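Below: the structure, in structure tokens.
Keep in mind the model is a prediction, meaning the values are calculated, not measured. Numbered from 1 within each chain, the chains take letters A, B, ... in sequence-line order. Only heavy atoms go into these numbers, but all of them, side chains included; no hydrogens, no water, no symmetry mates.
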6 protein chains.
Amino acid sequence: MTSPAKPFNRLLLTGAAGGLGKELRQRLKPFCNTLRLSDIANITPADDNQEEIQLCDLSDKQAVHHLVDGVDAIVHFGGVSVERPFEEILGANICGVFHIYEAARRHGVKRVIFASSNHVIGFHKQTEVLDALSPRRPDSYYGLSKCYGEDTASFYFDRYGIETLTIRIGSSFAEPQNRRMLSTWLSFDDLTQLIARGLYTDAIGHTVVYGASNNTPNWWDNRYAAHLGYQPQDSAEQFREKVEAQPMPPADDPTMVYQGGAFVAAGPFGDN
Amino acid sequence: MTSPAKPFNRLLLTGAAGGLGKELRQRLKPFCNTLRLSDIANITPADDNQEEIQLCDLSDKQAVHHLVDGVDAIVHFGGVSVERPFEEILGANICGVFHIYEAARRHGVKRVIFASSNHVIGFHKQTEVLDALSPRRPDSYYGLSKCYGEDTASFYFDRYGIETLTIRIGSSFAEPQNRRMLSTWLSFDDLTQLIARGLYTDAIGHTVVYGASNNTPNWWDNRYAAHLGYQPQDSAEQFREKVEAQPMPPADDPTMVYQGGAFVAAGPFGDN
Amino acid sequence: MTSPAKPFNRLLLTGAAGGLGKELRQRLKPFCNTLRLSDIANITPADDNQEEIQLCDLSDKQAVHHLVDGVDAIVHFGGVSVERPFEEILGANICGVFHIYEAARRHGVKRVIFASSNHVIGFHKQTEVLDALSPRRPDSYYGLSKCYGEDTASFYFDRYGIETLTIRIGSSFAEPQNRRMLSTWLSFDDLTQLIARGLYTDAIGHTVVYGASNNTPNWWDNRYAAHLGYQPQDSAEQFREKVEAQPMPPADDPTMVYQGGAFVAAGPFGDN
Amino acid sequence: MTSPAKPFNRLLLTGAAGGLGKELRQRLKPFCNTLRLSDIANITPADDNQEEIQLCDLSDKQAVHHLVDGVDAIVHFGGVSVERPFEEILGANICGVFHIYEAARRHGVKRVIFASSNHVIGFHKQTEVLDALSPRRPDSYYGLSKCYGEDTASFYFDRYGIETLTIRIGSSFAEPQNRRMLSTWLSFDDLTQLIARGLYTDAIGHTVVYGASNNTPNWWDNRYAAHLGYQPQDSAEQFREKVEAQPMPPADDPTMVYQGGAFVAAGPFGDN
Amino acid sequence: MTSPAKPFNRLLLTGAAGGLGKELRQRLKPFCNTLRLSDIANITPADDNQEEIQLCDLSDKQAVHHLVDGVDAIVHFGGVSVERPFEEILGANICGVFHIYEAARRHGVKRVIFASSNHVIGFHKQTEVLDALSPRRPDSYYGLSKCYGEDTASFYFDRYGIETLTIRIGSSFAEPQNRRMLSTWLSFDDLTQLIARGLYTDAIGHTVVYGASNNTPNWWDNRYAAHLGYQPQDSAEQFREKVEAQPMPPADDPTMVYQGGAFVAAGPFGDN
Amino acid sequence: MTSPAKPFNRLLLTGAAGGLGKELRQRLKPFCNTLRLSDIANITPADDNQEEIQLCDLSDKQAVHHLVDGVDAIVHFGGVSVERPFEEILGANICGVFHIYEAARRHGVKRVIFASSNHVIGFHKQTEVLDALSPRRPDSYYGLSKCYGEDTASFYFDRYGIETLTIRIGSSFAEPQNRRMLSTWLSFDDLTQLIARGLYTDAIGHTVVYGASNNTPNWWDNRYAAHLGYQPQDSAEQFREKVEAQPMPPADDPTMVYQGGAFVAAGPFGDN
């Protein structure tokens with residue numbers, strides 16, 4: 001894919017202070033004239049005039065509506081991205097994604113990139129190959145909230161025509177950190193490619209794509225997202241030797257059995 | 001199915017003051033020694049000593065945990081059952097179903113009957129035949145909350161072994177009220193049969209069944225719930241003449257096109 | 001299905017002088033105020049004033065456009081219904097069905113019942129179970145022309161919104177005439193029911209249904225036409241003893257092997 | 001199905017002294033002029049002249065070839081029908097079925113009814129619905145031998161055109177004996193119907209049918225055997241009350257979890 | 001694939017004066033001793049003695065039979081290749097393909113390469129992935145005629161054993177001419193490879209293959225033509241920058257929505 | 001895949017004197033401290049001290065139990081590998097594979113690599129694409145014995161948790177020997193990779209993989225073995241010219257029609 005034209009005047013990135021948000025900050029600039037960055041945490045201003053920064057608690061409906069006002073597309077990476085107690089997930093992820101879509105509807109935004117997660121299918125075994133029509137099997141409160149986000153995207157397309165690319169992100173880090181990530185790793189560049197294809201491909205409706213680089217083994221079959229033309233350029237294979245130098249976990253360790261890895265055994269929390 | 005033995009000492013029915021709850025109140029008594037009835041609204045006490053009544057706001061975690069303490073199975077019909085603003089749905093249905101399952105986990109309840117709805121698949125056209133593996137297409141905020149409940153049931157089985165029968169209820173009324181309900185109608189007796197099979201069939205894991213009587217046409221194929229042995233005894237056909245005496249809606253009326261009927265066009269609400 | 005209301009003012013029946021046309025002539029009258037009857041052959045006028053008769057060669061474009069002018073729906077049973085040389089099939093069936101749909105488009109007719117045939121799938125073996133998505137395997141020049149008609153129906157719905165019920169008629173006679181027809185028989189009453197459901201069911205798009213009574217064995221699965229609610233009332237079973245009194249054909253006789261029966265071995269004709 | 005004509009001059013029934021063999025002895029007589037009965041155990045001669053009795057050890061190749069000489073079709077119910085040590089299974093079932101087919105090939109017999117068993121799929125859970133294309137999951141040495149027999153039937157059809165109806169018999173007894181058999185029960189009359197349809201239906205190739213009466217729940221979908229026209233006339237439902245009076249086994253008892261019931265936990269034997 | 005042996009003495013290419021015909025003229029010569037070229041339009045004779053030229057109107061049965069006499073295989077690219085009034089399509093494409101197959105039958109030709117088109121599936125959306133078993137959705141009179149050709153190929157194989165490779169050609173030009181062709185483009189070399197594999201692969205029966213180069217995105221899955229071993233060597237990707245310099249059509253332009261592109265909106269013609 | 005760690009102390013290779021066994025002898029050494037080699041035929045001792053040699057007739061239960069004692073994993077390539085009379089196949093392959101698994105169970109071996117064969121699916125045509133869920137169609141007595149081995153592997157995993165990689169070996173020779181092997185060829189290095197992945201991949205349960213190099217055409221789709229991450233490094237394509245210099249067999253030669261090639265026409269033997 002050559003560098004795309006810049007059809008978006010103002011693009012919103014939520015979660016801009018998070019791990020992925022920081023990586024995406026520079027990478028999204030070619031796609032817009034103005035990049036509106038948002039997070040609940042502080043964001044250090046850039047010294048260019050392409051950025052605008054707006055703090056926002058995603059559980060706050062009015063704040064989200066204000067945030068979305070004036071943007072042309074939304075890259076929604078905000079919210080909690082690990083397993084946490086239900087109450088934290090509820091506000092940031094469930095209310096958050098709902099407010100984002102309601103705001104999109106009211107302000108006429110027609111395209112969303114939604115950062116979903118492999119944890120919506122995490123209770124499938126690593127011996128299974130999944131596609132976008134496979135039954136989900138969420139593995140955590142976090143995974144449940146992402147299921148809710150995916151269903152919300154489906155509803156807002158069927159009802160209001162707002163198009164979404166849902167990316168079921170595997171493990172997006174600088175490099176794979178354990179054996180499981182040899183399958184689930186998604187390089188920052190491949191993630192950026194996915195976002196670009198989600199922004200610039202016409203008529204995507206609600207498309208679900210698994211976000212992984214060109215890894216082996218590959219548990220995920222993107223046949224129902226073929227129209228995106230996603231072609232991962234990176235592979236976890238180059239990190240294999242380094243990763244396999246780690247001690248081998250027991251064969252029944254969740255990270256060796258389930259696609260969702262350690263999440264299937266996280267929680268419950270506190271007095272639960 | 002002959003009358004079942006009474007393996008349950010104490011059964012909890014939530015939503016007992018609602019339309020279906022009132023119908024189920026007598027019908028569930030053969031399945032337990034004590035029937036604990038709950039609702040947010042007042043429930044008139046019965047003059048038998050098989051019932052116990054406990055008011056409860058499902059969005060109140062502590063109240064729900066107290067409610068579930070001591071019961072052997074849960075028939076969860078509580079919450080909002082029509083399209084309402086998100087905030088109302090959120091507390092009663094999303095928090096509500098979560099608290100029910102967390103309470104089940106903590107108090108060792110191993111079997112739940114969950115009243116889901118055809119509105120989780122309501123944006124499918126009436127020319128489609130669906131089964132339990134068909135992609136969902138929720139049609140409303142209400143439908144989205146039922147999706148969340150289904151996913152929660154899936155998670156609590158995979159993670160904690162709590163078994164659920166999810167009933168995607170069509171239209172459960174004394175008789176079908178419009179043309180669409182000639183397909184979606186579920187008689188109270190057939191609903192009761194489904195609950196009984198959900199309570200007494202072994203090893204159901206998380207089973208999804210569509211709740212309709214023996215109607216024609218039939219949009220829903222229960223092949224993946226065959227182990228329940230559900231055999232509807234009623235049919236909407238006997239009400240056809242009466243229903244077809246109603247004026248014909250326009251051909252593009254949602255009730256003539258979508259499985260979810262009018263819900264696909266309900267909302268948004270207020271200042272939304 | 002109770003007797004339907006009469007929403008059609010004028011209904012066109014082509015092929016009215018043919019075997020099935022004669023049977024349908026009386027049976028279609030409850031569905032319209034005026035029944036326009038057409039054939040290339042002479043039709044004896046009825047002594048009621050519900051009928052109007054209009055001779056027409058279906059291969060004659062102008063004649064067909066004239067024929068369709070003023071009708072509200074078309075029941076297209078005209079054309080050649082047995083295996084014949086290509087040139088005969090071409091005019092009556094291929095040009096014929098095309099002219100019918102073009103005329104429907106120009107005159108605003110929005111509903112067609114198309115008499116297709118099991119001979120579009122006739123080269124499937126009798127051990128196979130087919131549904132509407134099974135690949136076709138036409139068995140004759142005749143079958144090829146019916147394939148063309150089905151594709152034409154598909155095109156006119158996708159392009160112009162004209163809705164069609166395509167009935168893949170098995171063997172519609174007063175009673176089954178040989179062993180194969182114990183599976184393929186379609187009683188006149190069940191055929192009439194199919195036409196009625198095709199006329200009165202909303203939003204059928206282009207629906208394909210196999211036309212057979214409630215026979216055993218049953219090679220055809222109408223799961224993708226479930227929205228029609230077709231419930232055959234007759235069965236070939238009552239004629240079994242009579243049919244099985246016929247001498248048994250050899251085991252490799254086409255009528256014992258292929259769903260299309262003798263058609264798979266008919267033709268070619270003349271100097272071919 | 002009305003009483004069939006008698007196209008077979010001489011029919012062979014193996015296993016004639018076994019439980020099912022004794023039931024079938026009278027029931028098969030309408031299908032042949034002479035019924036050759038065979039078993040390794042003694043068979044009391046009948047006082048009619050339709051029978052001929054020939055003892056035979058199925059593991060003895062020459063004896064089997066002698067047994068098959070002169071017959072027109074084979075109903076193969078012989079061999080071991082419960083879980084036993086491998087060596088016993090090997091001779092009676094694996095060598096036995098092979099010798100039967102080799103003898104059929106050499107003596108020109110073109111039709112076999114093979115008594116297979118639900119134990120070829122016994123490790124599937126009772127919540128699954130299977131059809132003839134579902135992967136097998138044998139549950140025992142016995143089940144493995146039946147798998148071998150099914151594959152042998154497949155091979156002898158592909159290679160030599162010998163046609164077989166493989167019946168995966170559920171539980172064929174006078175009446176169901178436990179809860180699991182409420183699903184798996186096959187009445188003697190329904191079994192006889194299956195054999196008749198296997199003998200008289202043309203062009204069956206190698207057809208696999210599940211042998212169960214019209215029970216609820218029904219784990220087995222015979223869609224790929226629709227050409228047989230099998231219509232079970234009996235149902236286990238009439239015995240439900242009697243069966244459910246038995247004490248309930250624990251929920252994780254194999255008879256409550258697996259389709260194969262107790263077989264999944266039988267064996268290994270002796271010094272194993 | 002290395003250069004094939006030359007098993008064909010005389011190969012017929014119809015449509016030799018058309019756009020693709022001119023390209024194929026040289027490319028087919030390695031596959032035969034004599035290349036018979038035909039078209040309704042004039043063809044300039046070559047100065048080699050490998051060619052023979054025979055003008056032919058494909059709608060003329062006798063002329064086609066004369067044309068086919070003496071050839072060993074047929075590469076059928078003749079007829080109308082754009083949307084035109086029905087009457088023009090009828091003669092050249094429907095009668096034309098029928099005459100070709102009848103002539104093949106009478107003259108003992110056993111292998112045909114049929115130039116079908118993506119317009120047999122053109123009403124599928126660009127977000128769908130299709131394979132050879134996907135339902136067709138023709139987008140034009142032209143597409144309907146190609147459907148008829150495909151069905152004719154199916155029939156002549158089932159009935160007379162004539163084998164065909166049906167190539168659903170995407171967009172075969174020197175280079176892709178618009179955004180849609182970045183997916184549908186088929187280079188002349190890749191087309192030639194497909195023809196070669198269709199001529200030289202054994203036992204192809206009636207195989208349907210989508211004709212596209214190695215493009216991204218790729219809407220078409222050739223899994224049911226894997227036995228051809230087709231390996232496209234070209235890709236539209238190298239032309240992306242040039243194509244994307246064109247002005248962007250509106251998002252609901254048919255070329256951006258449907259696989260068939262502009263054809264879905266072509267016609268009807270004249271007084272239609 | 002980089003060179004694996006050596007988690008196995010003692011690895012057993014059966015069939016070590018056979019064609020593949022000789023190739024594997026050196027290639028398996030990196031995977032173990034001690035390689036136990038076994039065959040019914042003599043094996044020349046190596047001059048290293050990594051090997052230990054133990055002759056064994058696989059049909060001898062006690063000998064097999066002795067052979068398996070003390071090993072950590074089994075690579076089972078022993079037995080007859082061509083079509084032979086049933087009695088030879090019975091002892092070496094059927095009894096052999098059973099004894100291997102019983103011995104594994106008794107001695108606590110948890111991982112087996114089973115050399116199955118394309119002859120379990122050999123009666124499928126070369127125009128079909130198969131995956132691990134496709135119905136088997138064995139083509140020979142030999143193929144039947146491999147079916148029995150695969151079923152045995154399935155049983156021992158379901159019942160006893162012994163994990164197996166079943167490799168359906170295509171044609172593993174130094175180079176492809178005929179046209180069919182251009183599709184079925186498996187290089188020794190790719191076979192070794194498969195064995196390594198079968199030994200070192202966690203949680204494989206009973207996985208079935210087709211053993212072919214990166215050939216064109218490719219009849220076999222390994223989608224259900226994706227978790228192995230098998231990436232063939234060799235291809236038959238480099239041998240195409242040499243192979244295609246062989247005389248062309250007739251078009252109906254089994255090696256040109258069936259995936260199993262000549263096996264489908266081998267046997268029967270001797271007095272058969």
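When heavy atoms are compared at a cutoff of 4.5 Å, A/Ala266 approaches chain B solely by way of its backbone atoms N, CA, C and O. If you measure heavy-atom distances from A/Tyr156 to chain B, the contacts under 4.5 Å come from the side chain alone. Of the two parts of A/Leu90, only the side chain, counted from C-beta on, holds a non-hydrogen atom closer than 4.5 Å to a non-hydrogen atom of chain B. Both the backbone and the side chain of A/Asp158 come within less than 4.5 Å of a heavy atom of chain B.
Of the inter-residue distances, the one linking A/Leu144 atom CG with B/Glu150 atom CD reads 12.0 Å to the nearest 0.5 angstrom. Here A/Ile94 contributes atom CD1 and B/Ser145 contributes atom OG; the two are 11.0 Å apart, rounded to the nearest 0.5 Å.
The salt bridge (charged side-chain N to carboxylate O under 4.0 Å, His left out) search around A/Asp253 returns none, not counting sequence neighbours. Residues that satisfy the side-chain contact (heavy atoms from CB on, under 4.5 Å) test with A/Glu128, not counting sequence neighbours, are A/His124, A/Lys125, A/Leu130, A/Gln259.
In terms of heavy-atom pairs under 4.5 angstrom with chain B, the leader among A/Cys95, A/Gly122, A/Ala132 is A/Cys95. Across B/Tyr160, B/Phe123, B/Tyr148, the residue that shares the most heavy-atom pairs under 4.5 angstrom with chain A is B/Phe123. When B/Pro135, B/Ser140, B/Gly143 are compared by the number of non-hydrogen pairs under 4.5 Å with chain A, B/Ser140 comes out ahead.
Counting all heavy atoms, side chain and backbone alike, B/Ser154 lies closest to A/Arg136 at OG-O, 4.4 Å.
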Candidate pair B/Phe86 and A/His99, rule side-chain contact (heavy atoms from CB on, under 4.5 Å), full reasoning: CA-CA 10 Å; B/Phe86 171 71; A/His99 294 332; 4.3 Å; yes

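The backbone N or O of A/Asp139 lies less than 3.5 Å from no partner atom in the side chain of B/Arg159, so there is not a single donor-acceptor pair. A/Arg137 places no side-chain N or O within 3.5 Å of a backbone atom of B/Phe155 that could act as its donor or acceptor partner.
Taking the side chain as every heavy atom from C-beta outward, B/Pro268 and A/Arg105 approach each other to under 4.5 Å. Residues B/Asp151 and A/Asp151 are in side-chain contact: their nearest non-hydrogen atoms beyond the backbone lie under 4.5 Å apart.
Taking the six-membered ring where the residue is Trp, A/Tyr141 and B/Phe98 present perpendicular rings, their angle passing 60° and hence far from 30°.
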